[in-house]
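The chains referred to below are lettered A, B, ... by the order of the sequence lines, with proteins before strands, and numbering in each begins at 1.
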Amino acid sequence: MPYVVVVDDEEPVRTALQRLLRAAGLEADGYASGKEFLAAPRRPDCVVVDLHMPLLNGQAMLRQIRKVNTGLPVVIITAHDTPETRSECSAAGAAAYLCKPLDERLLLNAISVALSKSLRH
Amino acid sequence: MPRAHALRWTPFDARAALPALMVAVGYYLAARLGFALTLQPTPVSTLWPPNALLMAALLLSAPRHWWILIVAALPAHLLAQIQSGVPTAMVLGWFVSNCSEALLGAGLVRYFVREPLRLDNLRSAGLFLILGALAAPLGSSFLDAGLVKLIAWGEGGYWELVRMRFFSNVLAAITIVPLVVTWATVRPQELIAAGPKRYAEVAAVLAGVLATSFIVFDTAGIDATYAPALYYAPLPFLLWAAVRLGAAGTASSLALMVVLAISGAVQGLGPFAGASPHDTARDMQLFLISVSVPLLLLAVVLEERTRSEREAREQRMQLAHLSRVAMLGDMSGGLAHELKQPLTAILSNAQAAQQFVANKSIGDAELQEILRDIVTADQRASQIISRLGALFKHGEPQVQRLDVNELVREVLTLAHGDLATRGIECTTKLALGPLPIDGDRVQLQQVMLNLILNASEAMGAVNPELRRLSIRTTSTAHYVHVSFADRGPGFAAAAHDKLFEPFYTTKPQGLGLGLSISRTIVTAHRGRLWGSSRPGVGATFFISLPSASDLGPLSGRAAG
């Protein structure tokens, strides 16, 4: 069963997304910050990251992840979408860029595509 | 100029009938009053109201309609004079001199004031006194005395007649014109809005003027030779009227005193009686004129100042509202971010629950938990929207008992989105227990939001890992303190005072009014707003507000 991690400083959002992923048959965990995630012992198969978090935002986290694990798919989610952040995340290697409130099908589809690409590599 | 206060109609318009009728009736009654206030046995008119009443009507009307009012006054004049036994030529001559005073006064005042007279500022009041109450009576007195000598009616030399007519007409102009003009320009909604306390105050002032004037001027046994201060017994009430009741109240009080003083003298009572009619009239007129003029001017000046202060206050409130709306506009991205979080929680929870129920893979307890989280998220979104709505509203400030810690929490729910989009970590260190103050919730939230946004923007160029905002609340014996500390570039000590000046800004956009308005709001709450900084390290802004227990009884009066 694929293991997906949600990183979002908003606890209600983090909890809801974990439930959604578990309902879709995925194993899910959540972390409140990029720092907590990077210190976690278990590596996920995919990570869903909120773009706007204090201290270490989603983009910075993406760059940190690429340094240690170039193949880990990262799905960026955000409640404050701008063309600049969209293109920056794409250039930084995000597997997908989704806007809140999240459409269930778009999220699960993005994770599914990211996981299959990751498996092929 | 409010249309209701200028009698505007076209000639031969049916609506012209009512104003003309009012002038005719008023002129007749004024003439009867003038006869009643004539000293005997040698008829000496102390106060001749018809000229002044006609002048007041002309001042309230458009010049193109003056001829209608003059024509309307003629039959009233004839009717009033018909029983007096005066020759027809003299009656008509007096009408000419009466109208000349009204026309001259109204014409001169209208020329310089440029609009219908309202006596609501020092300039118009001064021009009326000089032109309408002094120059016009002087001019018509020469004409009046000349006609009397020409028709050979009455006694006395020419200059004596000029003097008698002059003072009589001046006193009438000062007494009648302000009374009519101020009441004609009172707005009905002001009368409706005045509560029982106001009416009680008016009644008390008028009762005081009535009582003191009656005692001094209308009772026997008052000898002003031994107690000249008695002349001024009504003065405290007249001053009260000037300070508290405006020009209309003062004019009414003065008119009451004038009528009582003259009626007493007519009956041989009061401090002015006992001398010859000419001397009585002269002394009384000089006294009443010298009391009325400064009091009227004082009332006008004070009313003008009160009105200016009220207008300035309304403009400050309007500016604060516009600044608040602009600030919320700047925060729109952050606010949208803040609302999308609970919406995301609601949607994802609901979709998860749907999937769990479809798979029959959820117990009641977990389903309850999901539903509870949906409700909580919805309430959070509602709270943000209602707090936002309150900030957008424009209305009178409402002073109420507030908890500063609660204010900080409320403001952070609105500012959180903006802080999140800028990657700023916000930490709070709130004092234990409530920190009560008395103030307007919306205004104080505006101040705090402004400080948070300023801090947020100041840290725009700072390394994301160092973007921190610290908010702290404390209290001392009599004050509650809130501080907002950022890690931005700070500011030089020499620039501190400039920060709070209107239109001073270091940002590329914005009007630079935020801190200026914030300081005005805090000062209106009897508090202080100031900043301190270490350039390159950061800036801290402090708000100090009096604790609620030190402000006395909670007042509903608006702050600011």
Side-chain angles (χ1 to χ4, degrees), chain A residues 4 6-26 28 30 32-35 38 48-64 75 77-85 88 98-109 111, chain B residues 331-362 366-367 369-381 416-427 456 459 462-469 487:
Chain A
V4 181
V6 177
V7 184
D8 196 319
D9 60 316
E10 282 281 330
E11 191 273 333
V13 172
R14 194 170 64 243
T15 305
L17 288 178
Q18 287 176 71
R19 285 184 183 133
L20 190 62
L21 296 173
R22 281 204 297 274
L26 300 168
S33 68
K35 194 175 170 186
L38 292 170
V48 178
V49 179
D50 183 41
L51 180 59
H52 291 105
M53 291 188 292
L55 300 180
L56 188 68
N57 65 21
Q59 269 177 277
M61 232 189 88
L62 182 55
R63 285 193 290 271
Q64 294 267 35
V75 175
I77 59 175
T78 179
H80 185 66
D81 172 38
T82 65
E84 294 78 25
T85 53
E88 282 164 10
L98 302 173
C99 297
K100 293 177 180 176
L102 296 168
D103 184 284
E104 177 191 19
R105 287 167 301 170
L106 287 178
L107 175 64
L108 294 175
N109 189 54
I111 292 172
Chain B
M331 287 170 62
S332 58
L335 289 167
H337 174 278
E338 199 57 19
L339 279 170
K340 284 179 185 175
Q341 302 288 30
L343 289 177
T344 302
I346 291 168
L347 181 60
S348 298
N349 272 318
Q351 289 176 330
Q354 281 179 320
Q355 198 61 38
F356 281 134
V357 167
N359 296 341
K360 296 185 172 51
S361 57
I362 189 171
E366 193 174 358
L367 188 59
E369 201 179 318
I370 292 174
L371 292 173
R372 208 163 33 239
D373 285 351
I374 289 174
V375 169
T376 303
D378 183 273
Q379 288 169 339
R380 178 182 165 190
H416 181 260
D418 197 82
L419 294 170
T421 55
R422 294 177 197 266
I424 295 171
E425 185 188 24
C426 180
T427 55
S456 177
M459 289 188 280
V462 171
N463 187 323
E465 290 182 6
L466 298 177
R467 290 179 196 166
R468 284 192 172 88
L469 172 67
R487 299 279 190 93

| query | How about A:His52 and B:Arg422: do any of their side-chain heavy atoms sit closer than 4.5 Å? | reply |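 A:His52 does not reach B:Arg422 side chain to side chain.
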| request: Identify which part of A:Arg14 has an atom lying under 4.5 Å from any heavy atom of chain B, answering side chain, backbone, both or neither. | output: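 Answer is neither: A:Arg14 stays 4.5 Å or more from chain B.
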Separation of [Y] [atom2] from [X] [atom1] (nearest 0.5 Å):
| X | Y | atom1 | atom2 | value |
| --- | --- | --- | --- | --- |
| A:Asp8 | B:Thr344 | CG | OG1 | 8.5 Å |
| B:His337 | A:Thr78 | NE2 | OG1 | 6.0 Å |
| B:Ser348 | A:Lys100 | OG | NZ | 9.0 Å |

| Is there a salt bridge (Lys or Arg N to Asp or Glu O under 4.0 Å) between A:Glu10 and B:Lys340 once you walk through the steps? | CA-CA 11 Å; A:Glu10 282 281 330; B:Lys340 284 179 185 175; over 6 Å; no
| Highest number of heavy-atom pairs under 4.5 Å with chain A: which of B:Thr376, B:Ile370, B:Ile374? |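 Option with the top pair count is B:Ile370.
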| said: Please give me the minimum heavy-atom distance between A:Ala23 and B:Gln355, naming the atom from each residue. | reply: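 Taking A:Ala23 first and B:Gln355 second, the nearest heavy atoms are O-CG, 3.2 Å.
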| Of all heavy-atom pairs between B:Gln351 and A:Leu102, which one has the smallest distance, and what is that distance? | OE1-O, 3.9 Å
Which region of [X], side chain (C-beta onward) or backbone (N, CA, C, O), has a non-hydrogen atom less than 4.5 Å from a non-hydrogen atom of chain A, or is it both or neither?
| X | value |
| --- | --- |
| B:Leu347 | side chain |
| B:Asn349 | both |
| B:Gln354 | neither |
| B:Thr421 | both |

| Neighbour count >12 (heavy atoms, 6.0 Å) for atom CD, A:Glu11 | yes
| request: Output yes when B:Glu369 and A:Arg19 qualify as a salt bridge under the 4.0 Å nitrogen-oxygen rule, no when they do not. | output: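 Between A:Arg19 and B:Glu369 there is a salt bridge, with a charged N closer than 4.0 Å to a carboxylate O.
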